[in-house]
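First listed ligand is number 1; within each ligand, the first listed atom is number 1.
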Amino acid sequence: MHHFRYVGQKLHCESVDLAAVAQLHGTPTYVYSAQTVTDNYRRLTASLAGLDVQLCYAMKANSSLAVLRLLANLGAAFDLVSGGELRRVLAAGGSAARSVFAGVGKTEAEIKFALETGVFGFHVESEPELARINHVAGQLGRKAPIAIRINPDVDAKTHAKITTGKSENKFGIPLKAAAAAYDAAAKYPHLSIQGVQMHIGSQLTSAAPFIEAVEKIGPFVEQLKKTYGISYFSVGGGIGIVYQDALASGDAAWWNARPASDRPLTSEAYGAALTPLLAPLGLKILLEPGRFLVGNAGVLLSRVEYLKRGSGKNFLVLDAAMNDLVRPAMYEAHHELVPLLRDTSRPALKADLVGPICESGDCFAKDRTLQTVGEGELVAFMSAGAYGYTMASRYNTRPMPAEVLVAGSRFELVNARENFDAMLAGERIPGFLKT
Ligand code: LLP
C-alpha cells in the first residue's frame, strides 16, 4: 500500500499534486512519500511484534539524509556498507551505536572509523577480514563486536545480479565452514563474538526461501548461543515490492482482490512465517530491509521531450535516462510509467520508453502500452524509491537529479539538482597540457 493516487485527473503524492512539484523543482526529480515509509516501517515492526527486533534499515536502497532522519525518528537503526554511509548516518542524526557495518571489502580506514564511532556490530564476510578487524581494533585498544555472515546456500529465485545466498556468490562463509570461522574468531584477542548474520537476496516475493534459510542455519545459531553466548541473529533484508501493478497496489482493494496464494509477500505474511521459527531462539533479531521500506514510497518525475513516431515503432523520449534510474537497463526491471494528468478519453499509445543517452541500453521499457502523452507532458515512474537515486550517475554529463520529500500537504526539496559548477569542482586541466 502507498500514498500515490489520482485525485480527479491529477496524480497526487499524499495531498500534494505532483505537477506542482515538477513545476517548482523541474524534472527529473525523485519524490518520496513520508507517510508511505512510515506505514511500511510500522507494518513491518508490528508483524514481528512477538520478537525482540532491532530494525537496521539497509540504507543503500535510499540514503537521502531526509529519508534517514525520517526512519531514525521512527526508531530505525541502519545497515551500512561503507565509511561514506556511516558519515550519512551521523549527518542525519541516526544511531551508530545500534547500526551494523556489512560488506565484503571493508578497508582499514573504514574499520577504524566504525570502531571509533562505536557501531553495534561488524558483519564479517571472510577469515582475512576477521584478522584485519582484530588488527585495527588492537591498534585502537578496543574489542570489535562481530557477527559472521553465513551463506545458507538457498536459491532466492530472484534476478541473478541480486541473489546472494547461493554458494557460488561472493558473500558470507558456507555453513559447513562456519564453525571453523567462529573458532578462529574466538582466538583473536580484539574480537568479541556477538551474533550471526544471513542475507539471501533481494526482491523476494515469497516467504519460502526465508523459511528454508532460517531452518537450515537455525541449529547452528542455537549452537553459537550455547558456545559463545551470542545475543543476536540478523536475518538480513530482501522482502520484495510490487513493480508490475505498482499504482494499483496502493489500494487495499488490489490486495484484497487476490487470493493469498497469488499475493506478493506482505509484511504480515513475512512476520507470520518467521516469528514461530525465530522466537524459540531467544535472541535479539536484527532485520535489514531496504527496498521494502522505501521502494513503493518513491516516484521519478520526468517530462516527455518528444514522441517520435516511426514506421511500426514509436519512441517516447523522456528527459530522465538510465543515469537517473538504471534498474531497467541493469536488471531488466519493470517500472510502471503513469501520466501525471490522466485522461481516459485519449487513445492508447504503444511505444518504447527511452531516455536521451547515446546508447540503445538507455531504454526503460519496450513496447509499453500507456495513455497517449505528448511533448511537454509529465509522467512518473512508479516504485522508484529504492535503488533509484542511490544508483544514479552523471553519465553523459547529466547532473544528479533532485529529491523532494512529501508529508501530507507539505513538500520540500531535500536535495537540489546538481549544478555544473559543483560537478566540475574537483577537476583540473593538468599543467603539462597547458601550452
Ligand atoms: N542486507 C544485506 C547484507 C544486503 O546485501 C542487502 C542488499 C540488504 C540487506 C537489503 O536488501 P533489500 O531489503 O533492499 O532487498 N540494486 C539492486 C538491489 C541490490 C541489493 C543488494 N543488497 C536492485 O536495484 O534491485
Exercise. For Q197 and ligand 1, does the shortest N/O to N/O distance drop below 3.5 Å?
Worked result: no

Exercise. Hey, is ligand 1 close enough to G238 that some N/O pair sits below 3.5 Å?
Worked result: yes

Exercise. With a 4.0 Å cut-off on heavy atoms, does M391 reach ligand 1?
Worked result: yes

For this session: Indicate the atoms forming the closest heavy-atom contact of A181 with E127, along with that distance.
Result: CA-OE2, 3.6 Å

Seminar exercise, completed: Logged contact type for K60 with ligand 1, heavy-atom cut-off 4.0 Å, is side chain

Exercise. Which is closest to atom 25 (O) of ligand 1 in terms of heavy atoms, R291, E288, Q203?
Worked result: R291

For this session: For ligand 1, note which part of L204 has a heavy atom under 4.0 Å away: side chain, backbone, both or neither.
Result: neither

For this session: Determine, using ring centers only, whether F120 and Y232 are less than 6.0 Å apart.
Result: yes

Problem set entry | H123 heavy atom under 4.0 Å from ligand 1 | no

Exercise. Side chains of V235 and L278: closer than 4.5 Å at any heavy-atom pair?
Worked result: yes

Enumerate donor-acceptor pairs with a distance under 3.5 Å from any side-chain N or O in residues 236-244 to protein atoms, sequence neighbours excluded.
from	atom 1	to	atom 2	distance (Å)
Y243	OH	R291	NH1	2.8

For this session: Could you tell me whether K106 and E129 have a side-chain N and a carboxylate O separated by less than 4.0 Å?
Result: yes

For this session: Examine G290 against ligand 1 and note whether any of their N/O atoms are separated by less than 3.5 Å.
Result: yes

Exercise. Between the main-chain N or O of G250 and the side-chain N or O of R5, is there a donor-acceptor pair closer than 3.5 Å?
Worked result: yes

Problem set entry | Close approach, A102 and ligand 1, non-hydrogen under 4.0 angstrom | no

Exercise. Any non-hydrogen atom of Y331 lying under 4.0 Å from ligand 1?
Worked result: yes

Quick one: side chains of residues 215-225, donor-acceptor pairs under 3.5 Å with protein atoms, not counting sequence neighbours, listed by atom name and distance.
from	atom 1	to	atom 2	distance (Å)
K216	NZ	P152	O	2.9
K216	NZ	D153	O	3.1
Q223	NE2	T227	OG1	3.4
K225	NZ	L281	O	3.0

Exercise. So is P289 in contact with ligand 1, going by heavy-atom distances below 4.0 Å?
Worked result: yes

